[in-house]
S.K.: 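Pasting in a structure now, in structure tokens, and then I'll have a few things to ask.
Atoms within a ligand are numbered from 1 in the order they appear, just like the ligands themselves.
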Amino acid sequence: MENIKAYVQEHKDRFINELIELLKIPSVSADTAYSHDVFETADAVKASLEKAGCDFVEICDTPGYPIVYGEKIIDPTLPTVLVYGHYDVQPPDPIELWTSPPFEPVIKKTEIHPDGAIFARGSCDDKGQMYMHVKALEYMVQSNTLPCNVKFMIEGEEEIGSKSLSWFVERNQEKLKNDVILISDTGMISNQQPSITTGLRGLSYVEVEVTGPNRDLHSGLYGGAVANPINVLSKMIASLHDENNHITIPGFYDNVAELSLEERAEMAKAPFSLENYKKALDLNDVYGEKGYVTNERNSIRPTLDVNGIWGGYTGEGAKTVIASKAFAKISMRLVPNQDWEQITELFTKHFTSLAPAGVSVKVKPHHGGQGYVTPIDSIGYKAANMAYTETFGVPAIPVRSGGSIPIVALFEKELKSKTILMGFGLDSDAIHSPNEHFGIFNYLKGIETIPLFYKYFVELSK
Ligand code: BES
Ligand code: MN
Ligand code: MN
């Protein structure tokens with residue numbers, strides 16, 4: 001493995017340019033206007049896996065966007081690593097807040113990334129992190145150091161709920177058989193302090209619609225005499241948290257796995273500066289559930305957030321109107337033992353019951369998934385930690401993340417294997433936001449660290 005550093009140095013310009021080409025294709029899964037580009041990206045991923053040295057690569061059609069499957073089986077008696085990633089990206093909007101166009105990647109230096117970072121939608125989430133695995137495979141094949149079998153499964157619907165992937169996994173258990181699943185689609189603490197994600201939150205995502213009168217009304221002629229759906233919706237939403245920022249839905253916390261004080265003390269050891277956190281977001285204070293600190297609020301505690309709210313007149317100037325309807329999109333981040341389908345039901349029941357006479361309410365569930373936790377005494381975790389320790393010079397810290405990759409819990413259920421989350425992004429990389437970027441340092445470090453995971457995983461499996 002001594003050569004991986006040299007190999008990365010020698011080929012880094014090409015590695016960066018190949019990623020830039022992939023980032024130019026706007027594979028936005030949420031918006032059908034980009035459908036052609038999503039399919040094109042799948043073809044590009046397929047070609048890259050073939051070039052990197054997979055023996056077999058195919059585009060698997062699904063009811064939605066295709067899954068790219070590739071493999072290199074060197075000896076069926078050796079362990080198999082299944083690499084998962086996604087080639088779809090979030091919509092780029094609000095586009096006017098980007099300092100350079102989202103699908104015209106450019107390298108810019110930042111305070112946190114003095115060696116430069118690639119600015120483009122998908123650079124960190126997840127094309128850049130997924131492509132590190134393709135380049136790590138290239139190295140292992142070129143240097144004849146691939147120590148086990150490898151399978152790749154790269155999907156195009158992660159950002160919209162992985163529906164087709166669930167369909168695919170249920171139908172292909174034998175094909176996807178593996179000893180460990182490896183994913184780079186999370187983050188780490190900093191470029192000096194690597195971390196391994198040991199938990200992900202679950203998710204329930206719903207849309208609500210409040211209907212009042214059968215048409216928009218003059219707010220003077222009717223104001224005060226009929227329910228205003230926007231007023232009512234605002235009040236209903238506001239009542240979902242109490243004065244301590246606890247969620248008020250009956251039964252919501254029933255199955256929440258509480259951490260012991262010891263576990264919370266262990267968590268508090270991870271380096272974190274509240275001052276820097278506030279400064280990075282231009283906040284004069286943080287906000288959240290009473291009794292928990294910031295790093296607990298965004299990882300081990302469930303939450304409820306409005307992601308979008310609309311209705312009535314939002315154009316230029318003033319229009320006096322009472323809208324017929326008001327809408328909101330609401331996400332609930334869940335923690336282990338909360339069942340997302342049960343939470344969706346509890347929400348629906350409670351939210352509907354909040355409606356006063358004079359309006360009707362509809363709740364439409366979008367998608368969801370279970371949370372995930374993984375132990376730190378598994379071979380996979382140890383191998384990942386050994387790999388990070390070697391390339392960063394310090395051991396990785398286990399961290400539970402607030403984000404969700406719902407398919408990870410499904411992998412465990414259907415494929416009976418654990419997932420190791422080796423993320424190389426930073427929270428400041430602005431995933432899902434304008435000006436998403438991925439550090440060149442992080443990209444190359446990832447390529448350098450991944451082959452070591454394979455090496456140690458196979459050694460520890462013996
Ligand atoms: N890669 C992210 C999830 C993530 C990011 C986890 C950083 C931990 C750290 C993934 O692409 C994502 O955005 N997931 C969605 C859920 C999905 C069902 C739409 C999310 O967390 O909002
Ligand atoms: Mn992702
Ligand atoms: Mn994402």
S.K.: What protein heavy atom is closest to atom 4 (C) of ligand 1, reported as residue, atom name and distance in Å?
M.R.: D185 O, 3.6 Å
S.K.: Please write down residue, atom name and distance for the protein heavy atom closest to atom 6 (C) of ligand 1.
M.R.: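 It is G403 CA, 3.7 Å.
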S.K.: Taking 4.0 Å as the limit for heavy-atom contacts, which would you say applies to I431 with ligand 1: side chain only, backbone only, both, or neither?
M.R.: side chain
S.K.: Is the Lys NZ or Arg CZ of K108 less than 6.0 Å from the centre of F119's six-membered ring, within 45° of the axis?
M.R.: yes
S.K.: For ligand 1, which atoms, with element, lie under 4.0 Å from some heavy atom of H86?
M.R.: 11 (O)
S.K.: Do E158 and ligand 1 have an N or O pair less than 3.5 Å apart?
M.R.: yes
S.K.: May I ask you to check if ligand 1 and E159 share an N or O to N or O distance below 3.5 Å?
M.R.: yes
S.K.: Excluding waters, how many protein N/O/S atoms sit closer than 2.8 Å to the Mn ion (ligand 2)?
M.R.: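 For the Mn ion (ligand 2), protein nitrogen, oxygen or sulfur atoms under 2.8 Å: 4.
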S.K.: Angle between ring planes, Y7 versus H11, binned at 30° and 60°: parallel, tilted or perpendicular?
M.R.: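 Ring orientation of Y7 relative to H11: tilted.
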S.K.: Once you restrict to heavy atoms under 4.0 Å, what part of Q129 touches ligand 1? Side chain, backbone, both or neither.
M.R.: neither
S.K.: Would you kindly check if the NZ (Lys) or CZ (Arg) of R297 is within the cone defined by 45 degrees around the ring axis of Y292 and under 6.0 Å from the six-membered ring centre?
M.R.: no
S.K.: For ligand 1, does H432 get within less than 4.0 Å through its side chain, its backbone, both, or neither, judged by non-hydrogen atoms?
M.R.: side chain
S.K.: Considering heavy atoms of the protein only, find what lies nearest to atom 9 (C) of ligand 1 and give residue, atom and distance to 0.1 Å.
M.R.: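 Sorting protein heavy atoms by distance from atom 9 (C) of ligand 1 puts S401 OG, 3.4 Å first.
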S.K.: I need the atoms of ligand 1 closer than 4.0 Å to a non-hydrogen atom of R333, numbered in the order shown.
M.R.: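 Close to R333: 20 (C), 21 (O), 22 (O).
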S.K.: Could you pull out the closest heavy-atom pair between I59 and A42, with the gap in Å?
M.R.: CD1-O, 3.6 Å
S.K.: Which atom names give the shortest non-hydrogen contact between N337 and N255, and what distance separates them?
M.R.: CB-O, 3.0 Å
S.K.: Work out which heavy atom in T62 is nearest to a heavy atom in W167; give both atom names and the distance.
M.R.: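 In this case the closest contact between T62 and W167 is CA-CZ3, 3.8 Å.
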S.K.: Report, in ascending order of atom number, the atoms of ligand 1 lying under 4.0 Å from any heavy atom of P406.
M.R.: 18 (C)
S.K.: Does S162 approach ligand 1 within less than 4.0 angstrom via side chain, backbone, both or neither, non-hydrogen atoms only?
M.R.: neither
S.K.: Okay, side chain of T110, backbone of H113: is any donor-acceptor separation there less than 3.5 Å?
M.R.: yes
S.K.: Would you be so kind as to tabulate the donor-acceptor pairs closer than 3.5 Å made by side chains of residues 392-409, with sequence neighbours excluded?
M.R.:
residue	atom	partner	partner atom	Å
S401	OG	G403	N	3.1
S404	OG	R201	O	2.8
S404	OG	R333	NH1	2.7

S.K.: May I ask you to check whether D125 has an N/O atom sitting below 3.5 Å from an N/O atom of ligand 1?
M.R.: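 Such a contact does occur with ligand 1.
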S.K.: Whether K175 engages the ring of Y69 as a cation-pi pair (distance to the six-membered ring centre under 6.0 angstrom, angle to the ring normal within 45°) should be assessed.
M.R.: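 Yes, K175 and Y69 form such a contact.
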S.K.: Note the single closest protein heavy atom to atom 15 (C) of ligand 1, along with its residue, its atom name and the distance in Å.
M.R.: S404 O, 3.6 Å
S.K.: Verify whether one side chain among E263 and S260 offers a donor that lies under 3.5 Å from an acceptor in the other.
M.R.: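 Yes.
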S.K.: Parallel under 30°, tilted from 30 to 60°, perpendicular over 60°: which one fits the rings of F411 and Y84?
M.R.: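 Plane angle over 60°, so perpendicular.
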S.K.: Any salt bridge linking R14 with E18? Criterion: basic side-chain nitrogen under 4.0 Å from a carboxylate oxygen.
M.R.: yes
S.K.: Pick one: which of K127, H36, R121, E40 meets side chain to side chain donor-acceptor pair (under 3.5 Å) with S27?
M.R.: K127
S.K.: Quick one: look at I160 and ligand 1, take heavy-atom pairs under 4.0 Å, and tell me if it's side chain, backbone, both or neither.
M.R.: neither
S.K.: Should you measure from each heavy atom of L203, which atoms of ligand 1 turn up under 4.0 Å away?
M.R.: 18 (C)
S.K.: Given L200 and L421, is the side-chain contact (heavy atoms from CB on, under 4.5 Å) satisfied, shown in steps?
M.R.: CA-CA 10 Å; L200 293 164; L421 296 156; 3.8 Å; yes
